[in-house]
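Below, each value reflects all heavy atoms present in this structure, side chains not excepted, and no hydrogens, waters or symmetry copies. Letters go in sequence order (proteins before strands), and every chain restarts at 1.
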Amino acid sequence: MLDPNLIREKPDFVKEQIQKKNADPSLIDRFLEVDVKRKELVKETDMLRHERKTLSQEIGKLLAQKKDVSELKARVKEIASKIKENEKMLSRFEEEYRDILLRIPNIPDPSVHYGKDESENIVVKRWGDVRDFDFEPKPHWEIAENLDIIDFKRGAKISGARFYVLKGLGAKLERALISFMIDLHVAKHGYREIFPPFLINRASMIGTGQLPKFEEDMYHTDKDDLFLDPTAEVPVTNLHRDEILSEDDLPIKYVAYTACFRREAGAAGRDTRGIIRVHQFNKVEMVRFVKPEESMKHLEELLDNAEDVLRILNLPYQLKKMCTGDLGFTAAIKFDPEVYMPSQDKYVEISSCSNFKDFQARRANIRYRAKDGSLHYVHTLNGSGLAVGRTMAAILENYQEKDGSVVIPEPLREYMGGLERITKENA
RNA sequence: GGAGAGAUGGCUGAGCGGUUGAAAGCGCCUGACUCGAAAUCAGGUAGAGGGUUUGCGCCCUCUCGUGGGUUCAAAUCCCACUCUCUCCGCCA
């Protein structure tokens, strides 16, 4: 959430900023209204409580002197009932105050360009040589089905549309990719590996900004009120919810593999074929907790860590900078690495790297104590490094051969028992 | 699932109806000593909300797992819930 003081002091600025994200500026007016009412009531109630406290102490003293206190008691009782009334009203205001605050999106970083939606994102970088095929490159789902390493039909049978089954070397390649990515980020980029729970409580979902606004996008278990992990960002960022870290601990860098579960509620008809958009996929995610003044530097590093995976796998990619309208609810600035897909001659999102600044830290109450004793909110960042399923798709397409086999990228071979190629025979 | 024990500040841990927002220790900060450091000594050190002040600050309220209740008054008594630990049961 935003700093309430920023909204109070510069409401017009905040309105303007959230409108760039296509959010409703009337949220700010509602906030200010509730804020005023709440403050008045707090003031009044605090005065009453003060009175109760003083008189109660008085009673204690008189009682010690064995004096009559029945009159005083009656007075305090009256005050107490008034307090109770106020508290009921106050808790309603507090709830609304909090709810509005939780529904106001983060404001964009000044360096982010204005744009209405994804069509106005800009490509800021391109890397790698797109391969010159001497045959018509097939889409990944055809390659995979021909090799019998992905089974869409049976995925649908077991679970439904947008689920698939990995088989044989397909399953092994998935595992290889996960290990390869984690090892890279740990050994070369200095992250600590985390393996978090996949079922997550409500408080954590609020902490990183999935709730209250996006409940429809998540799988939920009714009996226990738990959500299926939509991204490791949630459990890993919430690792330090309600904690005060020490300045010496920062920066903290975590990398985690998790399965990710998404209902894709609004995605009917999009990317229906293949493994690009599915309900369950694997992802390796990097998360950083950093000092505010260093967070932009950390975004650059994080982004480079994600790109490094693509470079090492020699997958051509481009980097897209998101415009204000496509930042999403929580990000202040965001870059998406996109991998080249030969069958469509298009670049497809394979990672997303964001700086949330103090937006998540305020929600999740993650602070650090500076050397001088003062308290500050940390800045949080995260980025996929990378989405595993999409990496698999990219490898299948970019490394496919005319005979239908797929060459295994050199750096992955040690994770595949030295295997160099997936063929119909060995798959 | 059953039985029991517990949850207090950055950490450990005392308090079990009325100057207790909380002893003590650790940690941290400041000062003295030192060329410097360590050790020692002295002092300081919870968070949130609100008011006031140009500012340093000062004042008020709330918070001892969470939510309710009893009482003039609750960290302290009662109830519910959550979590942790121990034992039993079940189980990959």
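Across all strands shown, the partner of B:U40 is B:A32, judged by Watson-Crick or G-U wobble contacts whose two distances both fall under 3.5 Å. Pairing partner, B:U71: none, since no Watson-Crick or wobble contact has both distances short of 3.5 Å. Remark: B:A23 base-pairs with no nucleotide in the shown strands. Criterion, Watson-Crick or G-U wobble with two distances under 3.5 Å. Base pairing of B:C91: no nucleotide in any strand meets the Watson-Crick or G-U wobble criterion (both distances under 3.5 Å). B:G4: Watson-Crick or G-U partner is B:C85, with both key distances under 3.5 Å. Nucleotide B:C58: paired with B:G51 (Watson-Crick or G-U wobble, both distances less than 3.5 Å). With a cut-off of 3.5 Å on both Watson-Crick or G-U wobble distances, the partner of B:U76 is given as none.
The interatomic distance linking A:Glu44 (CD) with B:G51 (C1') rounds to 15 Å, in whole Å. To the nearest angstrom, P of B:A48 lies 14 Å from CZ of A:Arg38. Atom NZ in A:Lys43 sits about 22 Å away from atom P in B:A48, given to the nearest Å. Separating the CD atom of A:Glu40 from the P atom of B:U61 is a distance of 20 Å, rounded to the nearest angstrom. Counting to the nearest Å, the P atom of B:C72 and the CG atom of A:Asp68 are 14 Å from each other. If you take CD of A:Glu243 and C1' of B:C11, they are 13 Å apart, rounded to a whole angstrom. The CG atom of A:Asn5 sits 13 Å away from the C1' atom of B:A48 (whole-angstrom rounding). Whole-Å rounding puts the A:Leu48 CG to B:C62 P distance at 11 Å.
With sequence neighbours excluded, no residue satisfies side-chain contact (heavy atoms from CB on, under 4.5 Å) with A:Glu414.
The base of B:G49 sits within donor-acceptor range of the side chain of A:Asp46, with an N or O pair under 3.5 Å.
When ring centroids are compared, A:Phe227 and A:Phe214 stay outside the 6.0 Å threshold. For an aromatic pair to be called close, the ring centres must be under 6.0 Å apart, and A:Tyr191 with A:Tyr254 fails this.
Distance noted for atom P between B:G6 and B:G10: 24 Å (whole Å). Using atom C1' as the reference point in both B:U61 and B:G1, the two lie 44 Å apart (nearest Å). Here the separation of B:C64 from B:U12, taken at their C1' atoms, is 15 Å to the nearest Å. Atom C1' of B:U53 sits at a distance of 34 Å from the matching atom of B:A73, rounded to the whole Å. To the nearest whole angstrom, the two C1' atoms, one in B:G55 and one in B:C16, are 44 Å apart. When the P atom is compared between B:G2 and B:A23, the two are found 40 Å apart, to the nearest whole Å. Using atom C1' as the reference point in both B:U71 and B:G13, the two lie 30 Å apart (nearest Å). Annotation: B:G68 and B:U86 have their C1' atoms spaced 29 Å apart (nearest Å).
Picking from B:C72, B:A48, B:U61 the nucleotide with the shortest atom distance to the side chain of A:Arg367 gives B:A48. Here B:G50 is the nucleotide among B:A73, B:G69, B:G50 with the atom lying nearest to any side-chain atom of A:Lys39.
Ion pairing of A:Glu58 with A:Lys67 is absent here, as no side-chain N (NZ or NE/NH1/NH2) approaches a carboxylate O to less than 4.0 Å.
When each of A:Leu55 and A:Glu51 is assigned the nucleotide of RNA chain B with its nearest heavy atom, A:Glu51 is the one assigned upstream, toward the 5' end. Toward the 5′ end of RNA chain B lies the nearest nucleotide of A:Pro4, the other residue of the pair A:Pro4 and A:Glu87 mapping further downstream.
Within 4.0 Å (heavy atoms only), A:Lys61 reaches no atom of the nucleic acid at all. The residue A:Leu63 sits close to a base: some heavy atom pair falls under 4.0 Å.
Of the side-chain N and O atoms in A:Lys53, none sit less than 4.0 angstrom from OP1 or OP2 of B:U20. Under 4.0 angstrom from either OP1 or OP2 of B:C72 there lies at least one side-chain N or O belonging to A:Lys77. A close approach under 4.0 Å does not occur between any side-chain nitrogen or oxygen of A:Arg369 and OP1 or OP2 of B:C29. The shortest distance between the side-chain N/O atoms of A:His50 and the OP1/OP2 oxygens of B:U61 is below 4.0 Å. For A:Arg8, a side-chain nitrogen or oxygen approaches OP1 or OP2 of B:G50 to under 4.0 Å.
Rounding to the nearest 0.5 Å places NZ of A:Lys357 at 4.5 Å from CE of A:Met296. Of the inter-residue distances, the one linking A:Thr208 atom OG1 with A:Gln210 atom CD reads 4.0 Å to the nearest 0.5 angstrom.
Side-chain contact between A:Asp336 and A:Leu319 is absent, with no heavy-atom pair separated by less than 4.5 Å.
Residue A:Arg273 places its CZ atom among 12 or fewer non-hydrogen atoms of other residues, nucleotides or ligands, all under 6.0 Å distant.
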